[in-house]
Amino acid sequence: MCGIVGYTGHRPAEKILLDGLKRLEYRGYDSAGLSLGGKELLTIKAVGKVRNLEQETQKYGELKQTTGIAHTRWATHGIPSVRNAHPHLDNSGKFALVHNGIIENYAELKQKLTAKGYTFASDTDTEVVANLIAEFYKGDFVQAVASALHRINGTYGFAVLCTDYPDTILVARHGSPIVIGLGDGCNLVASDVAPLAAYTRKVIYLDDGDLAVLTPDNVELRTIENLPVEREVSNIDWNVDSAGKGQYEHFMLKEIFEQPESISNTIRGRLDRKLKSAMLSGLGLTPHELAKISRIVIAGCGTSMHAGMVGEYFFEDIAGIPAEVEQAAEFRYRNPIIDPDTLVLPISQSGETADTLAAVREAMNKGAVVAALCNVVGSTIARETGRGIYLHAGPEISVASTKAFTCQVTVLLMLALMLGRNRRLSRDDGDALLQEIERIPDLIRETLKQAPAIEKLANKYAYAEDFFFIGRGTLYPTALEGALKLKEISYVHAEGYHAAELKHGPIALLDDKVPVMALANAIPGQEKMIGNIQECLARHSPVIAVVTGDDNRVCEFTQDIIRVPASSRYVAPLTTVVALQLFAYYFAKARGCEIDHPRNLAKSVTVE
Ligand code: F6R
């Protein structure tokens with residue numbers, strides 16, 4: 001949520017900053033800006049995408065400054081506008097600051113600063129901090145920033161410039177990720193590794209309470225208490241190309257088509273053919289500790305929560321362990337019943353979602369075993385839990401999550417296999433499940449072949465302003481996910497419902513203008529689903545049915561069919577969701593929507 005990039009070195013900073021912002025644009029895209037350092041600061045801002053900022057910057061001709069900071073914004077305080085875009089400057093123009101996060105006591109600080117004569121040009125919480133630094137400045141940049149940070153409540157990732165220190169960037173972190181890239185004759189900072197990968201493989205993830213001073217040839221790490229600290233240097237394990245669009249028109253389509261490969265990467269080296277089980281060593285639990293787990297609580301938001309809801313079926317059905325899913329934001333306010341035998345599984349693609357992080361901290365505080373399912377290596381949730389299972393899905397850039405979901409579900413299935421074999425699952429049943437997991441990439445490949453047929457259906461239904469998605473069993477959370485995909489990228493009202501729940505109220509909304517996507521795969525519950533389809537048809541709703549293989553049971557009721565390959569109820573969510581992702585993509589495309597950057601959204605939601 002919001003993207004920060006900074007560069008100090010010997011090359012002109014402007015192009016590096018703009019290039020970095022483009023790679024971060026998925027984090028927020030309602031406005032952008034940059035400040036270039038020197039004896040005077042040059043600050044340029046624009047509303048909308050980074051390309052608008054680029055055009056604005058071109059008006060200044062060749063810019064030679066070799067130090068700068070930049071920001072792409074997802075609005076929290078104040079509407080998207082040039083006035084509210086970052087960087088923000090103090091009244092004297094000595095300091096420029098970019099910020100991710102929220103300053104909770106900004107109103108009180110603003111009042112105090114106003115009483116001292118400071119004025120404010122924006123509605124943001126960030127501008128307050130720029131003036132607060134100026135208020136404490138007596139010639140020592142680090143001291144002034146540290147003093148300001150001590151007065152702030154809330155979350156932040158900051159990068160700050162000061163005209164008295166023309167080649168220095170000061171960065172600090174509390175609750176919003178900051179990564180430093182160690183270059184050759186240059187150093188960089190960003191809110192995630194995406195903009196750094198083109199310049200270096202070596203990065204340092206700051207911890208909360210860290211402050212760093214970057215110059216072209218040095219990175220000095222301290223705490224905001226001004227104590228020296230050392231942090232591990234990590235390697236970036238993906239290349240710049242994997243974060244590009246390749247031959248695809250949108251990141252979302254690329255990521256949908258990447259799924260056979262990303263799931264292969266998720267599975268690789270984790271299946272134990274001898275024991276007919278899975279090996280998930282990142283969990284760091286002995287077989288004895290695994291056997292003691294008496295309950296599983298899954299916490300996540302959005303798509304990750306839907307993956308967790310599929311996992312709930314796996315754990316109960318395959319491993320016989322009671323499982324429940326909590327919307328992560330509710331977790332810490334519900335006083336959840338957690339004991340040392342409860343395994344808490346936070347699920348988060350980004351590993352930075354503030355609500356999920358809060359749940360992690362609450363669960364750890366209550367003494368649970370907490371193991372995270374994250375995609376982004378080195379992310380806050382992955383580091384704070386210290387144990388878990390990485391998805392290895394590769395960078396997910398599209399705001400609408402696709403490959404992370406299928407990799408999450410695959411990890412949950414492997415975990416259920418491992419826990420099941422550790423208790424009641426027979427060797428033969430373990431073997432059957434293991435073989436099915438191995439087949440997932442091929443089953444997804446088969447499903448992707450349906451893309452042209454799905455595109456035709458999406459074009460046919462692109463008129464609809466309301467949509468229902470219904471499913472049963474493991475396809476119930478799949479229906480929720482299908483509806484989420486459609487609404488977030490096409491802005492069409494879409495609701496996911498359990499097929500049985502429809503008749504308890506929502507059926508009142510059905511008529512000939514409200515299509516229903518019915519997940520009618522051949523899995524347990526299919527007969528009842530066929531009954532539910534008839535209930536929809538009786539209200540004149542057009543029905544699109546997802547069916548398995550050459551199953552023609554629903555063909556007498558509807559001609560609009562999406563075929564996915566046959567699989568068990570455990571794998572059906574994976575094949576089916578891919579079809580629904582494609583449907584949402586082509587539907588949004590037919591309506592001319594901006595698919596990779598849907599309005600009002602941002603990837604990585606770092607505010608609660
Ligand atoms: C939907 C989507 C969001 C995220 C949610 C959690 O396509 O991407 O619903 O799933 O914001 O994000 P992570 O998984 O990063 O915690």
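Note that ligands are numbered from 1 as they come in the structure, with each ligand's atoms numbered from 1 the same way.
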Please confirm whether Thr356 comes within less than 3.5 Å of ligand 1 when only nitrogen or oxygen atoms on both sides are compared.
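No; the residue has no nitrogen or oxygen that sits under 3.5 Å from a nitrogen or oxygen of the ligand.
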Should Thr353 be counted as touching ligand 1, given the test is an N or O pair under 3.5 Å?
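Yes.
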Verify whether the ring centers belonging to His250 and Tyr585 lie closer than 6.0 Å.
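Between His250 and Tyr585, the centre distance is under 6.0 Å.
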Using ring centroids (six-membered ring only for Trp), state whether Phe467 and Phe469 fall under 6.0 Å.
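Yes; Phe467 has its ring centre under 6.0 Å from that of Phe469.
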Note the single closest protein heavy atom to [atom], along with its residue, its atom name and the distance in Å.
atom	value
atom 4 (C) of ligand 1	Thr303 N, 4.0 Å
atom 7 (O) of ligand 1	Glu488 OE2, 2.5 Å
atom 11 (O) of ligand 1	Val605 CG2, 4.0 Å
atom 6 (C) of ligand 1	Cys301 O, 3.3 Å
atom 15 (O) of ligand 1	Ser350 OG, 2.7 Å

Mark up the atoms of ligand 1 that fall under 4.0 Å of a heavy atom belonging to [X], in ascending order.
X	value
Ser348	13 (P), 14 (O), 15 (O), 16 (O)
Ser401	7 (O), 8 (O)
Gln349	13 (P), 14 (O), 15 (O), 16 (O)

Would you call [X] and [Y] a salt bridge, using N to O less than 4.0 angstrom?
X	Y	answer
Asp355	Arg332	no
Lys589	Glu249	yes
Glu326	Arg334	yes

Should the proximity of Glu352 to ligand 1, defined as any heavy atom under 4.0 Å, be assigned to the side chain, the backbone, both, or neither?
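The answer is neither.
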Does Lys485 approach ligand 1 within less than 4.0 angstrom via side chain, backbone, both or neither, non-hydrogen atoms only?
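Side chain only.
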Could you tell me which non-hydrogen atom of Ser398 sits nearest to which non-hydrogen atom of Met252, and how far apart they are?
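Closest approach of Ser398 to Met252, heavy atoms only: OG-CB, 3.5 Å.
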If you apply the rule side chain to side chain donor-acceptor pair (under 3.5 Å), what do you find for Ser490 with Lys485, and how did you get there?
CA-CA 8 Å; Ser490 73; Lys485 285 290 90 81; over 6 Å; no
The one among Ser304, Ala299, Gly302, Ala400 that brings a heavy atom closest to atom 14 (O) of ligand 1:
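Minimum heavy-atom distance to atom 14 (O) of ligand 1 goes to Ser304.
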Do any heavy atoms of Val399 fall under 4.0 Å from ligand 1?
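Heavy atoms of Val399 do come under 4.0 Å of ligand 1.
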Does Arg173 count as lying over the ring of Tyr156, i.e. NZ or CZ under 6.0 Å from the six-ring centre, within 45 degrees of the axis?
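Not flagged: Arg173 not positioned over aromatic ring of Tyr156.
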Just checking, any donor-acceptor pair under 3.5 angstrom between side chains of Asn153 and Glu104?
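No, no side-chain donor-acceptor contact under 3.5 Å.
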